[in-house]
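Data block below; observations after.
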Amino acid sequence: MSIKIAPSILSADFSCLDREIRRVELAGADLLHIDVMDGHFVPNITIGPVVVRHIRKTTRLPLDVHLMIEEPQNFIDDFVRAGSNMITMHIETISGSKFKAQSAKLRKKGVRAGVSLNPATPLNRIKSVLSYADFVLVMSVNPGFSGQEFIPSVIPKIKQLRAIFDGGISVDGGVNDKVAGRLIKAGANILAAGSYIFGADNVKVAMERIRNAR
Ligand code: DX5
Ligand code: ZN
(Lines give C-alpha, C1' and ligand atoms only; values in the text may rest on other atoms or scores of the structure.)
(Ligands and ions follow the chains in the order given, each with its own letter.)
Protein backbone atom coordinates (compact mmCIF):
# COMPACT_ATOMS: atom_id res chain seq x y z
CA MET A 1 0.00 0.00 0.00
CA SER A 2 1.38 3.43 -0.84
CA ILE A 3 1.78 5.85 2.03
CA LYS A 4 -0.05 9.16 1.90
CA ILE A 5 1.16 12.19 3.85
CA ALA A 6 -1.43 14.62 5.20
CA PRO A 7 0.09 17.78 6.72
CA SER A 8 -2.21 19.15 9.41
CA ILE A 9 -2.60 22.89 8.96
CA LEU A 10 -3.33 23.41 12.64
CA SER A 11 0.45 23.77 12.99
CA ALA A 12 0.77 26.20 10.07
CA ASP A 13 1.17 29.97 10.34
CA PHE A 14 -2.40 31.17 9.78
CA SER A 15 -1.26 34.70 8.95
CA CYS A 16 -0.01 33.35 5.62
CA LEU A 17 -2.03 30.18 5.24
CA ASP A 18 -1.97 30.08 1.44
CA ARG A 19 1.83 30.26 1.44
CA GLU A 20 2.02 27.52 4.07
CA ILE A 21 -0.29 25.31 2.01
CA ARG A 22 1.72 25.95 -1.15
CA ARG A 23 4.89 25.03 0.76
CA VAL A 24 3.62 21.53 1.59
CA GLU A 25 1.85 21.05 -1.75
CA LEU A 26 5.04 21.77 -3.71
CA ALA A 27 6.98 19.50 -1.35
CA GLY A 28 4.81 16.50 -2.21
CA ALA A 29 1.94 16.38 0.29
CA ASP A 30 -0.83 13.99 -0.77
CA LEU A 31 -3.70 15.45 1.26
CA LEU A 32 -4.33 18.55 3.36
CA HIS A 33 -5.54 17.68 6.85
CA ILE A 34 -7.90 20.31 8.29
CA ASP A 35 -8.85 20.13 11.98
CA VAL A 36 -12.31 21.45 12.83
CA MET A 37 -12.96 21.90 16.57
CA ASP A 38 -16.01 23.29 18.33
CA GLY A 39 -14.97 23.92 21.94
CA HIS A 40 -17.44 21.22 23.08
CA PHE A 41 -16.19 17.84 21.92
CA VAL A 42 -12.66 19.12 22.43
CA PRO A 43 -11.36 22.01 24.54
CA ASN A 44 -10.30 24.16 21.58
CA ILE A 45 -11.91 26.13 18.74
CA THR A 46 -10.35 26.21 15.29
CA ILE A 47 -11.92 26.76 11.92
CA GLY A 48 -15.23 26.29 10.11
CA PRO A 49 -16.61 25.88 6.60
CA VAL A 50 -15.87 29.50 5.62
CA VAL A 51 -12.14 28.93 5.93
CA VAL A 52 -12.38 25.55 4.17
CA ARG A 53 -14.13 27.27 1.25
CA HIS A 54 -11.25 29.73 0.89
CA ILE A 55 -8.61 27.03 1.28
CA ARG A 56 -10.36 25.21 -1.58
CA LYS A 57 -9.41 28.10 -3.88
CA THR A 58 -5.74 27.99 -2.95
CA THR A 59 -4.87 24.33 -3.55
CA ARG A 60 -5.59 21.29 -5.68
CA LEU A 61 -4.77 18.94 -2.80
CA PRO A 62 -7.67 16.79 -1.59
CA LEU A 63 -9.07 18.35 1.59
CA ASP A 64 -9.16 15.86 4.47
CA VAL A 65 -11.54 17.45 6.96
CA HIS A 66 -11.38 16.07 10.50
CA LEU A 67 -14.52 17.02 12.43
CA MET A 68 -13.95 17.17 16.17
CA ILE A 69 -17.41 18.57 16.84
CA GLU A 70 -20.64 17.51 18.46
CA GLU A 71 -23.64 16.79 16.21
CA PRO A 72 -21.41 16.47 13.11
CA GLN A 73 -24.44 15.50 11.01
CA ASN A 74 -25.70 19.11 11.29
CA PHE A 75 -22.59 20.50 9.57
CA ILE A 76 -21.67 17.89 6.96
CA ASP A 77 -23.53 19.61 4.12
CA ASP A 78 -21.69 22.88 4.80
CA PHE A 79 -18.32 21.15 4.67
CA VAL A 80 -19.24 19.32 1.47
CA ARG A 81 -20.31 22.58 -0.16
CA ALA A 82 -17.05 24.15 1.01
CA GLY A 83 -15.14 21.62 -1.11
CA SER A 84 -14.11 18.82 1.26
CA ASN A 85 -12.95 15.58 -0.37
CA MET A 86 -12.78 13.47 2.78
CA ILE A 87 -14.82 14.01 5.94
CA THR A 88 -14.14 12.27 9.24
CA MET A 89 -16.66 12.00 12.06
CA HIS A 90 -15.78 10.82 15.56
CA ILE A 91 -17.68 7.75 16.76
CA GLU A 92 -17.87 9.41 20.18
CA THR A 93 -20.09 12.10 18.62
CA ILE A 94 -22.50 10.14 16.41
CA SER A 95 -24.63 7.00 16.57
CA GLY A 96 -23.92 4.10 14.23
CA SER A 97 -27.15 4.61 12.31
CA LYS A 98 -26.51 8.32 11.81
CA PHE A 99 -22.96 7.62 10.70
CA LYS A 100 -24.24 5.15 8.11
CA ALA A 101 -26.74 7.68 6.76
CA GLN A 102 -24.10 10.43 6.53
CA SER A 103 -21.61 8.09 4.90
CA ALA A 104 -24.12 7.00 2.25
CA LYS A 105 -24.85 10.65 1.49
CA LEU A 106 -21.16 11.55 1.28
CA ARG A 107 -20.35 8.61 -0.97
CA LYS A 108 -23.14 9.62 -3.33
CA LYS A 109 -21.50 13.03 -3.62
CA GLY A 110 -18.07 11.55 -4.24
CA VAL A 111 -16.77 12.50 -0.80
CA ARG A 112 -14.92 9.83 1.18
CA ALA A 113 -16.30 9.10 4.64
CA GLY A 114 -14.06 8.44 7.60
CA VAL A 115 -14.72 7.36 11.15
CA SER A 116 -12.38 8.31 13.95
CA LEU A 117 -11.84 7.04 17.46
CA ASN A 118 -10.03 8.53 20.43
CA PRO A 119 -7.08 6.71 22.03
CA ALA A 120 -9.30 5.43 24.85
CA THR A 121 -12.13 4.26 22.59
CA PRO A 122 -11.97 0.53 21.83
CA LEU A 123 -12.07 -0.84 18.29
CA ASN A 124 -15.37 -2.54 19.08
CA ARG A 125 -17.12 0.81 18.99
CA ILE A 126 -16.55 1.20 15.23
CA LYS A 127 -16.95 -2.41 14.09
CA SER A 128 -20.59 -2.07 13.06
CA VAL A 129 -19.88 0.94 10.82
CA LEU A 130 -16.68 -0.27 9.18
CA SER A 131 -18.37 -1.26 5.92
CA TYR A 132 -19.63 2.32 5.68
CA ALA A 133 -16.19 3.86 6.22
CA ASP A 134 -13.75 4.49 3.38
CA PHE A 135 -11.07 5.04 5.98
CA VAL A 136 -10.55 5.02 9.73
CA LEU A 137 -8.67 7.81 11.46
CA VAL A 138 -6.99 6.42 14.56
CA MET A 139 -6.26 9.20 17.06
CA SER A 140 -2.87 8.80 18.68
CA VAL A 141 -3.29 11.81 21.01
CA ASN A 142 -6.36 13.10 22.79
CA PRO A 143 -7.85 15.46 20.22
CA GLY A 144 -7.73 19.20 20.76
CA PHE A 145 -4.22 20.43 20.11
CA SER A 146 -1.25 19.82 17.89
CA GLY A 147 2.19 19.29 19.34
CA GLN A 148 1.22 16.57 21.85
CA GLU A 149 3.16 13.40 22.44
CA PHE A 150 2.28 10.21 20.54
CA ILE A 151 0.47 7.56 22.66
CA PRO A 152 2.11 4.20 21.76
CA SER A 153 -0.74 2.03 23.07
CA VAL A 154 -2.66 2.77 19.84
CA ILE A 155 -0.25 0.61 17.81
CA PRO A 156 -1.93 -2.73 18.72
CA LYS A 157 -5.25 -1.11 17.82
CA ILE A 158 -3.94 -0.29 14.34
CA LYS A 159 -2.73 -3.89 13.90
CA GLN A 160 -6.09 -5.31 14.97
CA LEU A 161 -7.91 -2.91 12.69
CA ARG A 162 -5.73 -3.80 9.69
CA ALA A 163 -6.57 -7.47 10.21
CA ILE A 164 -10.29 -6.78 9.66
CA PHE A 165 -10.34 -3.67 7.43
CA ASP A 166 -8.84 -3.12 4.00
CA GLY A 167 -9.70 0.56 3.59
CA GLY A 168 -7.49 3.48 4.52
CA ILE A 169 -6.02 3.69 7.98
CA SER A 170 -4.94 7.15 8.98
CA VAL A 171 -3.04 7.95 12.17
CA ASP A 172 -3.25 11.42 13.66
CA GLY A 173 -1.41 12.95 16.60
CA GLY A 174 2.25 13.13 17.52
CA VAL A 175 3.39 11.50 14.28
CA ASN A 176 7.10 12.02 13.56
CA ASP A 177 10.06 10.16 12.05
CA LYS A 178 10.55 8.13 15.24
CA VAL A 179 7.08 6.55 15.26
CA ALA A 180 6.15 6.50 11.56
CA GLY A 181 7.90 3.20 10.82
CA ARG A 182 5.96 1.37 13.53
CA LEU A 183 2.69 2.85 12.28
CA ILE A 184 3.31 1.74 8.71
CA LYS A 185 4.34 -1.73 9.85
CA ALA A 186 1.17 -1.95 11.92
CA GLY A 187 -0.88 -1.24 8.79
CA ALA A 188 -1.39 2.52 8.59
CA ASN A 189 -1.26 4.06 5.12
CA ILE A 190 -2.14 7.71 5.80
CA LEU A 191 0.01 9.75 8.18
CA ALA A 192 -1.39 13.06 9.40
CA ALA A 193 1.27 15.25 10.97
CA GLY A 194 1.23 18.85 12.10
CA SER A 195 4.11 20.09 14.19
CA TYR A 196 6.62 17.60 12.77
CA ILE A 197 6.04 18.84 9.20
CA PHE A 198 5.33 22.54 9.68
CA GLY A 199 8.02 22.83 12.33
CA ALA A 200 10.68 21.40 10.02
CA ASP A 201 13.25 23.58 8.27
CA ASN A 202 12.76 21.47 5.17
CA VAL A 203 9.19 20.20 4.86
CA LYS A 204 10.06 18.01 1.89
CA VAL A 205 12.74 16.15 3.82
CA ALA A 206 10.40 15.81 6.80
CA MET A 207 7.60 14.34 4.69
CA GLU A 208 9.93 11.93 2.88
CA ARG A 209 11.34 10.81 6.22
CA ILE A 210 7.97 9.75 7.53
CA ARG A 211 6.81 8.39 4.17
CA ASN A 212 9.84 6.13 3.87
CA ALA A 213 10.14 5.14 7.54
CA ARG A 214 9.98 1.38 8.17
C1 DX5 B 1 -5.31 16.89 17.12
C2 DX5 B 1 -5.48 17.06 15.62
C3 DX5 B 1 -4.26 16.67 14.86
C4 DX5 B 1 -3.07 17.58 15.14
C5 DX5 B 1 -1.82 16.93 14.69
O6 DX5 B 1 -6.51 17.08 17.76
O7 DX5 B 1 -6.54 16.26 15.16
O8 DX5 B 1 -4.52 16.63 13.47
O9 DX5 B 1 -3.20 18.82 14.50
O10 DX5 B 1 -0.72 17.69 15.13
P11 DX5 B 1 0.63 17.00 15.64
O12 DX5 B 1 1.14 16.19 14.52
O13 DX5 B 1 1.49 18.15 16.00
O14 DX5 B 1 0.25 16.14 16.82
ZN1 ZN C 1 -6.66 15.90 12.96
Side-chain angles (χ1 to χ4, degrees), residues 3-14 17 20-21 23-24 27 29-49 51-52 55 61-70 72 75 79 84-94 112-121 133-155 157-158 168-184 188-201 203 205-207 209-211 213:
I3 306 300
K4 288 190 158 65
I5 305 298
S8 166
I9 59 161
L10 194 53
S11 300
D13 179 347
F14 276 61
L17 194 51
E20 291 280 79
I21 292 170
R23 187 155 78 105
V24 291
D30 300 287
L31 308 168
L32 196 68
H33 185 89
I34 303 177
D35 288 312
V36 175
M37 305 185 185
D38 67 351
H40 290 276
F41 176 57
V42 291
N44 194 6
I45 299 176
T46 54
I47 66 174
V51 177
V52 175
I55 291 175
L61 287 174
L63 304 183
D64 165 23
V65 174
H66 179 189
L67 299 181
M68 286 158 278
I69 61 176
E70 284 176 6
F75 300 93
F79 284 100
S84 310
N85 303 92
M86 301 160 68
I87 295 187
T88 301
M89 291 157 268
H90 268 260
I91 200 64
E92 298 87 1
T93 64
I94 193 164
R112 284 162 42 90
V115 64
S116 182
L117 70 177
N118 282 345
T121 303
D134 297 305
F135 62 98
V136 175
L137 187 152
V138 177
M139 283 308 301
S140 43
V141 298
N142 288 308
F145 301 92
S146 51
Q148 303 183 77
E149 205 172 318
F150 178 79
I151 299 174
S153 61
V154 302
I155 290 176
K157 203 195 258 184
I158 298 167
I169 299 182
S170 175
V171 186
D172 184 19
V175 173
N176 58 33
D177 55 340
K178 292 182 186 70
V179 299
R182 276 181 282 159
L183 301 175
I184 294 167
N189 67 312
I190 304 170
L191 302 177
S195 46
Y196 177 71
I197 293 175
F198 282 101
D201 293 332
V203 293
V205 170
M207 289 197 282
R209 251 189 213 145
I210 54 175
R211 192 197 299 280

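One-based numbering, in listed order, for ligands and for the atoms of each. Because the structure is predicted, anything quoted here is derived from the model rather than measured.
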Exercise. Around ligand 1, what residues show up once you keep those with a heavy atom under 4.0 Å from it?
Worked result: S8, L10, H33, D35, M37, H66, M68, M139, P143, G144, F145, S146, G147, D172, G173, G174, A193, G194, S195
Exercise. Do V171 and V179 have side chains that get closer than 4.5 Å, going by heavy atoms?
Worked result: no
Exercise. Side chains of I197 and I210: does their closest heavy-atom pair fall under 4.5 Å?
Worked result: yes
Exercise. Checking K4 side chain against S170 main chain: does a donor-acceptor pair fall under 3.5 Å?
Worked result: no
Problem set entry | Pairing residues for F150 by the ring pair (Phe, Tyr, Trp, His ring centres under 6.0 Å) criterion, not counting sequence neighbours | none
Exercise. Do D35 and D172 come close enough that some side-chain heavy atom pair is under 4.5 Å?
Worked result: yes
Seminar exercise, completed: Those residues at least two apart in sequence (or on a different chain) that pass salt bridge (Lys or Arg N to Asp or Glu O under 4.0 Å) with R23 are E20
Problem set entry | Rounded to 10 degrees, the angle ND1 of H66 makes with OD2 of D172 at the Zn ion (ligand 2) | 90°
For this session: List for me each residue that meets side-chain hydrogen bond (donor to acceptor under 3.5 Å, both in side chains) alongside D64, sequence neighbours excluded, and say none if there are none.
Result: H33
Exercise. At the Zn ion (ligand 2), what angle lies between atom NE2 of H33 and atom OD1 of D35, rounded to 10 degrees?
Worked result: 90°
